[in-house]
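In the text below, chain A, chain B and the rest are named by the order of the sequence lines, each starting its count at 1.
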Amino acid sequence: MKEIGERVKEQKGAKRVRRKLDKQQVAEIFAECAMLLELKGENPFRIRSFVNTARQLRALEGDVGEMLATGEIAQVSGIGKGTIERLEEIAKTGTLAEYEALKQAFPAGLLEMLKVPGLGSKKVRALYERLQISSLGELEYACRENRLLALEGFGVKTQENILKGIDHVKRFQGRFLVSVARRVAERFLLELRGLVEVERAEVAGSLRRWKETVKDVDLVVATCEATKVMDWFVGHEWVASVVGHGPTKSSVVLGNGLQVDLRAVSREQYPYALMHFTGSKEHNTVMRGRAKDRGMKLNEYGLFRGEELVRCEDEAAIYRALDLYEIPPEMREDQGEFERAVEPLATLVTRESLRGVFHAHTTESDGSARLEEMAEACRARGWSYLGISDHSQSAHYANGLTVERVLRQHEEVEALNQKWSDFVILKGIESDILVDGSLDYGEDILARFDFVIASVHSHFKMTEEAMTARIIKAIEHPATTMLGHPTGRLLLSREGYPLEMTQIIDAAIAHGVIIEMNANPYRLDIDWRFLAKACARGLLVSINPDAHSIEGLEDVVFGVGSARKGGLVPAQVFNTWPREEVQRWLVARKRRAIGEADA
DNA sequence: GCCGTTTTCGGCCCGACTGTTTTCAGTCG
């Protein structure tokens with residue numbers, strides 16, 4: 001096995017002479033340019049092109065520098081001559097002269113101000129030029145001094161809304177975990193569907209697409225008494241303030257700061273409206289373009305040929321009318337789904353297709369339920385196995401298991417497994433990946449587990465090269481069955497450690513290691529954006545709840561949502577396989593590991 | 001800025017609601 005130092009040298013050698021371009025950083029330059037150009041009042045289509053470039057770069061699979069060198073980058077839609085010149089400038093100088101000039105022209109605080117709901121580029125520019133306000137703090141102060149009233153186009157109401165908006169930005173960063181938004185949405189749906197005026201109701205927006213975080217909750221109802229439904233909605237007990245209240249559209253903010261939007265349409269308009277408000281914006285743009293190409297027009301009220309409605313009973317029919325097969329809501333991101341939908345899409349993984357779970361903790365380490373309780377909870381869900389995985393010995397903070405406690409737990413598992421004919425507990429461990437990339441027990445102990453999840457829990461501050469090498473070393477360990485939460489990110493609170501994910505995925509495929517889709521709503525790690533291409537290359541994924549309680553087992557629904565975004569079908573998800581196949585695979589994996597270790 | 005059986009210019013998706021207006025710009029999705 002190679003040492004980490006050697007590997008780092010090899011990788012550096014392989015990178016050739018060109019400066020490494022970090023696509024996220026490059027994308028950020030284009031995204032910021034777009035905002036600054038908006039402040040400048042540039043041509044909106046030029047701005048859109050910058051936004052599009054940022055988006056394309058973020059979604060890019062390969063290395064930007066490489067693609068630039070080979071000319072492959074020109075194949076990416078929306079990237080033309082001008083963008084290529086800019087990318088070359090960044091490769092050469094590390095930045096863009098135009099970007100630096102824009103940053104000189106507009107203080108960084110203006111970009112913060114743009115995050116305030118209701119403040120767009122025009123208003124921010126007016127505040128800056130007329131009142132010399134250039135930060136959130138200054139803006140808040142100016143509102144409290146009533147100074148905005150002097151500006152044309154600003155009034156008392158605007159000033160109040162800006163103050164509320166600043167509070168919102170400061171308190172919530174403007175985004176919420178999918179789990180928080182789901183709970184809210186399901187309660188509203190239940191109540192809406194109970195109203196006599198409501199014929200149909202559904203969640204739309206990024207929540208229906210199962211994005212990992214959302215800005216708001218979008219709801220769509222079919223009704224012929226929209227006004228009554230809207231009045232009910234804005235009067236709901238959870239509503240803290242009403243942002244908008246019209247006959248077809250209302251927006252409210254709840255006590256926890258989450259905004260909920262409700263749109264009402266007729267029964268006939270419902271499929272079109274549901275599709276329109278599910279989005280994404282990028283997906284809709286392509287759909288409307290397809291409609292236009294075919295001499296039609298698509299909006300939330302219908303698909304029209306001239307004045308005449310092209311009747312569609314459901315969303316599937318709208319796709320068919322535009323020569324596509326139905327695209328599941330989760331995949332509507334304009335991230336390659338249109339290319340796939342020229343033929344019928346395979347049925348995606350569902351909550352119901354899971355037959356068991358891996359990665360759950362018990363009171364033995366830092367869980368809140370005992371082993372037997374966790375197992376019974378899984379049985380009650382109709383699952384046929386539970387892969388238990390408490391923390392390993394180095395995880396002192398989580399009461400990790402010493403060798404003696406591991407052996408004792410194995411006895412307990414074996415005793416419990418006598419109880420059931422329809423269910424089995426698989427012996428596992430969530431082994432820390434130590435700083436040098438090794439696992440947390442000796443070979444003899446590791447060999448006793450049915451499976452081993454290897455995860456990083458400490459020493460986050462490493463260089464990208466060192467962290468990548470550390471994790472690859474763990475993947476190469478013969479005892480490793482799965483890689484746990486690959487980036488360590490905590491959504492809305494902690495960035496993942498730096499990592500070259502493509503290399504990690506390549507190593508996992510090469511060594512037959514499963515990568516976990518950690519379904520904890522704070523993690524959703526591996527990121528769904530990697531899944532489609534990785535699984536097409538042979539990566540196997542497992543949707544793991546990382547449950548620390550019985551309720552935590554239900555977190556699998558969030559993992560399923562993310563896996564569906566990545567377009568995963570059941571065969572690509574390990575824990576949808578029949579138990580016998582899972583066990584056979586694990587045994588074969590261990591045999592191979594023993595062979596590798598002996599060799 | 002990008003793109004083209006529409007090809008070197010002209011178009012680029014579309015509609016609701018708010019606030020400050022008195023006919024509409026700005027913002028949002």
Closer to the 5' end of DNA chain B via nearest nucleotide, is it A:L151 or A:T83?
A:T83
Residues [X], [Y]: salt bridge by 4.0 Å N-O rule:
| X | Y | value |
| --- | --- | --- |
| A:R46 | A:E98 | yes |
| A:R529 | A:E212 | yes |
| A:E202 | A:R193 | yes |
| A:E554 | A:R183 | no |
| A:K157 | A:E160 | no |

Expressed in whole Å, how much space separates the [atom1] atoms belonging to [N] and [M]?
| N | M | atom1 | result |
| --- | --- | --- | --- |
| B:dT20 | B:dG26 | P | 14 Å |
| B:dT21 | B:dA25 | C1' | 9 Å |
| B:dT8 | B:dC2 | C1' | 13 Å |
| B:dT23 | B:dT18 | C1' | 15 Å |
| B:dC17 | B:dC13 | P | 23 Å |
| B:dT6 | B:dC12 | C1' | 13 Å |

Scanning both residues in full, the closest heavy-atom pair of A:C143 with A:L163 reads CB-CG, 3.6 Å
For A:V349 and A:V560, which heavy atoms make the closest approach, and how far apart are they?
O-CG1, 3.9 Å
In whole Å, I'd like the distance from the [atom1] atom of [X] to the [atom2] atom of [N].
| X | N | atom1 | atom2 | answer |
| --- | --- | --- | --- | --- |
| A:Q159 | B:dG26 | CD | P | 19 Å |
| A:L102 | B:dG1 | CG | C1' | 14 Å |
| A:L36 | B:dG1 | CG | P | 15 Å |
| A:L96 | B:dG1 | CG | P | 12 Å |
| A:I73 | B:dG1 | CD1 | C1' | 15 Å |
| A:E282 | B:dG29 | CD | P | 13 Å |
| A:K122 | B:dC28 | NZ | P | 12 Å |
| A:D293 | B:dT6 | CG | P | 9 Å |

Hey, can you pull the residues of residues 203-236 of chain A with a non-hydrogen atom under 4.0 angstrom from DNA chain B?
A:K215, A:D216
Classify [X] by what it touches in the nucleic acid, base, sugar-phosphate, or nothing, heavy-atom distance under 4.0 Å.
| X | value |
| --- | --- |
| A:R290 | nothing |
| A:F154 | sugar-phosphate |
| A:P117 | sugar-phosphate |
| A:T53 | nothing |
| A:I47 | nothing |
| A:V242 | nothing |

To the nearest 0.5 Å, what is the distance between NZ on A:K215 and CG on A:L258?
10.5 Å
Counter-base of B:dT8, judged by Watson-Crick or G-U geometry with both distances under 3.5 Å
none
Is the Lys NZ or Arg CZ of A:R182 less than 6.0 Å from the centre of A:W210's six-membered ring, within 45° of the axis?
yes
Letter per nucleotide, 5' to 3', of nucleotides 7-18 of chain B [B base touched, S only sugar-phosphate touched, - untouched; heavy atoms, 4.0 Å]:
-----BBSSSSS
Does A:Q24 reach the main-chain N or O of A:D22 with its side chain, forming a donor-acceptor pair under 3.5 Å?
no
Any sub-3.5 Å donor-acceptor pair from A:R130's side-chain atoms to A:L148's backbone N or O?
no
